[in-house]
Q: 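This is the structure I have questions about; it appears just below.
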Amino acid sequence: MIKTIKEHILEVENFTANDKESVEAFRIKYLGKKGLLNDFFAEFKNVPNEQKKEFGQSINQLKQTALNKVDSLHKSLENNAEQVGVFGDLTRPGNPIELGARHPISIVKNRIIEIFSRIGFNVSEGPEIEDDWHNFTALNLPEYHPARDMQDTFFVQTDPDVLLRTHTSSVQVRYMENNQPPIRTISPGRVYRNEAISARSHCFFHQVEGLYIDKDVSFADLKQTLQYFTTELFGKSKIRLRPSYFPFTEPSAEVDVYWGLETETDYKMTKGTGWLEIMGCGMVDPNVLKNCGIDSDEYSGFAFGMGIDRIALLLHQISDIRLLSENDLRFLEQFRSVL
Ligand code: PHE
């Protein structure tokens with residue numbers, strides 16, 4: 001019997017395996033409930049007394065050898081798995097690569113730029129910190145105009161006035177000062193107004209303003225251009241122009257687009273009228289052309305300006321303008337699929 005045990009010890013010592021299943025079978029064969037070791041232990045009581053000592057030592061040795069073997073086989077199998085190479089287990093799912101998303105403001109801004117670039121408008125940009133001339137004076141805003149009030153404008157410095165631009169019309173002034181007609185340019189950018197922050201308005205937002213100056217530009221050209229724009233951006237071609245006032249345009253108008261009244265949201269958005277106000281526009285006041293060094297007898301033009309944020313809220317059914325500047329990833333990630 002002791003001889004058999006010794007043979008088993010040898011067998012255990014020489015055992016090798018390349019996979020977990022074989023190691024497990026081996027473990028069960030020796031160390032399992034119905035394994036050989038338990039058989040030997042059960043045999044113990046039948047062994048004559050004088051052999052008990054040697055027998056006991058042998059089965060303990062067999063048990064220890066088997067335990068060590070199983071342990072070392074497990075370890076070497078694990079090491080092998082790690083050594084499969086830089087690729088590891090090729091069947092494992094890949095590490096997800098987080099893709100960024102464009103900000104809804106950028107999405108809408110890029111769409112607007114793209115639509116106007118198709119009809120020959122270029123993009124012009126200017127500083128967010130402006131002087132009084134480019135933001136107000138050149139644009140025909142009289143000294144007493146409320147927009148010049150501290151309550152509406154953030155002043156960085158007074159006398160001479162330095163301020164955060166309240167519209168990107170300031171860029172149009174810069175553009176006219178440096179370029180002669182024909183001019184076709186749109187000016188996207190961030191603007192600042194001293195307003196209380198709420199779901200509907202913020203103290204900074206984004207605009208795209210457009211400027212078209214050439215010989216014989218008429219109000220009809222303006223209307224045609226805007227109609228092209230609303231058709232391309234919203235898929236809505238019905239617009240109306242309501243008389244309005246801006247110091248830098250004459251005549252001036254507000255542009256409404258007919259959104260429709262098909263759904264409950266349409267009712268809410270348009271306050272039951274079906275119409276949505278989307279921008280201001282008008283024929284550039286000859287004074288503004290003169291201020292910027294353009295001959296107002298020879299040239300005329302139109303200008304328009306719209307808020308990007310409001311359009312982004314409309315197009316993406318966003319209920320609160322503050323979401324646009326809070327940088328909450330749960331909000332921003334929702335725009336992954338939009339280019
Ligand atoms: N600058 C105006 C605004 O900020 C918009 C506008 C631009 C209106 C050009 C008319 C012409 O509200």
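For ligands, and for the atoms within them, numbers begin at 1 and follow the listed sequence. Sequence positions, counted from 1, serve as the residue numbers for this chain.
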Q: Go through the steps for Met279 and Leu226 under the test side-chain contact (heavy atoms from CB on, under 4.5 Å), then give the verdict.
A: CA-CA 10 Å; Met279 65 171 113; Leu226 297 180; 3.6 Å; yes

Q: Going by the order shown, which atoms of ligand 1 are within less than 4.0 Å of some heavy atom of Cys281?
A: 8 (C), 10 (C), 11 (C)

Q: What protein heavy atom lies closest to atom 2 (C) of ligand 1? Include the residue and the distance to one decimal.
A: Glu209 OE2, 3.6 Å

Q: Does either side chain, that of Thr185 or that of Ser124, offer a donor lying less than 3.5 Å from an acceptor on the other one?
A: yes

Q: Linking Ile, Leu, Val, Met, Phe, Trp and Tyr by side-chain heavy atoms under 4.5 Å, what else ends up with Val191?
A: Phe205

Q: If you measure from each non-hydrogen atom of Ser252 to ligand 1, which part falls under 4.0 Å: side chain, backbone, both or neither?
A: neither

Q: Just to check, does Gln207 reach to within less than 4.0 Å of ligand 1 when the distance is taken from its heavy atoms?
A: yes

Q: Determine, using the 4.5 Å side-chain heavy-atom cutoff (strictly less than), whether Phe26 and Leu10 are members of one ILVMFWY cluster.
A: no

Q: Is Leu36 reachable from Ile2 through a run of I, L, V, M, F, W or Y residues, each pair having side-chain heavy atoms under 4.5 Å apart?
A: yes

Q: Specify whether Phe116 and Phe229 have parallel, tilted or perpendicular ring planes, treating 30° as the upper limit for parallel and 60° as the lower limit for perpendicular.
A: parallel

Q: Quick test of your reading of the structure: of Arg165, Met279, His167, Arg193, whose heavy atom lies closest to atom 12 (O) of ligand 1?
A: Arg193

Q: Between the side chains of Asn68 and Thr65, is a donor N or O closer than 3.5 angstrom to an acceptor N or O?
A: no

Q: Check each atom of ligand 1 against the heavy atoms of Phe248 and keep those under 4.0 Å away; list them by number with element.
A: 1 (N), 2 (C), 6 (C), 7 (C), 8 (C), 9 (C), 10 (C), 11 (C)

Q: Got a list of side-chain donor-acceptor pairs under 3.5 Å for residues 307-315, not counting sequence neighbours?
A:
unit_1	atom_1	unit_2	atom_2	d
Asp309	OD1	His206	N	2.6
Asp309	OD1	His206	ND1	3.3
Asp309	OD2	His206	ND1	3.3
Arg310	NH2	Glu277	O	3.2

Q: Could you tell me whether Ala303 approaches ligand 1 through its side chain, its backbone, both or neither, with non-hydrogen atoms closer than 4.0 Å?
A: both

Q: Below 3.5 angstrom, do we get any N/O pair linking Gln172 and ligand 1?
A: no

Q: Against heavy atoms of Phe304, which atoms of ligand 1 measure under 4.0 Å?
A: 7 (C), 9 (C), 11 (C)

Q: Should you measure from each heavy atom of Ser169, which atoms of ligand 1 turn up under 4.0 Å away?
A: 1 (N)

Q: Any heavy atom of Phe302 sitting closer than 4.0 Å to ligand 1?
A: no

